[in-house]
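Fair warning: this is a prediction, and the values are worked out from it, not measured in the lab. Below, each value reflects all heavy atoms present in this structure, side chains not excepted, and no hydrogens, waters or symmetry copies.
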Amino acid sequence: MKMLDKVVETMVVSDVYKELYLVVIPENHRAKEIYERYGFLTVGSSWDEVLNNMRGS
């Protein structure tokens, strides 16, 4: 978890990155739980869906 802590910390401190997206295999419930604990939200179930949601915002 130290790596994810460092990535999130770096992004929060940096003014360069505004959003971070991850793709998790739907069957990987453990990974999804970990990312949700970090505050990540589900915005799609594939890169295509995520990218389409980003374009619409």
*Asks:* Please identify each residue that fulfils side chain to side chain contact (heavy atoms under 4.5 Å, CB included) with I25, with sequence neighbours left out.
*Replies:* E27, N28
*Asks:* Is atom CZ of R30 surrounded by more than 12 heavy atoms (other residues, nucleotides or ligands) closer than 6.0 Å?
*Replies:* no
*Asks:* Please tabulate, for side-chain N and O atoms in residues 1-13, each donor-acceptor pair with protein atoms closer than 3.5 Å (sequence neighbours left out).
*Replies:*
from : atom 1 : to  : atom 2 : distance (Å)
D5   : OD1    : Y38 : OH     : 2.4
T10  : OG1    : K6  : O      : 2.7

*Asks:* Are side-chain heavy atoms of T42 and K32 found at a separation under 4.5 Å?
*Replies:* yes
*Asks:* Apply side chain to side chain donor-acceptor pair (under 3.5 Å) to E36 and list each qualifying residue two or more places apart in sequence or on a separate chain.
*Replies:* none
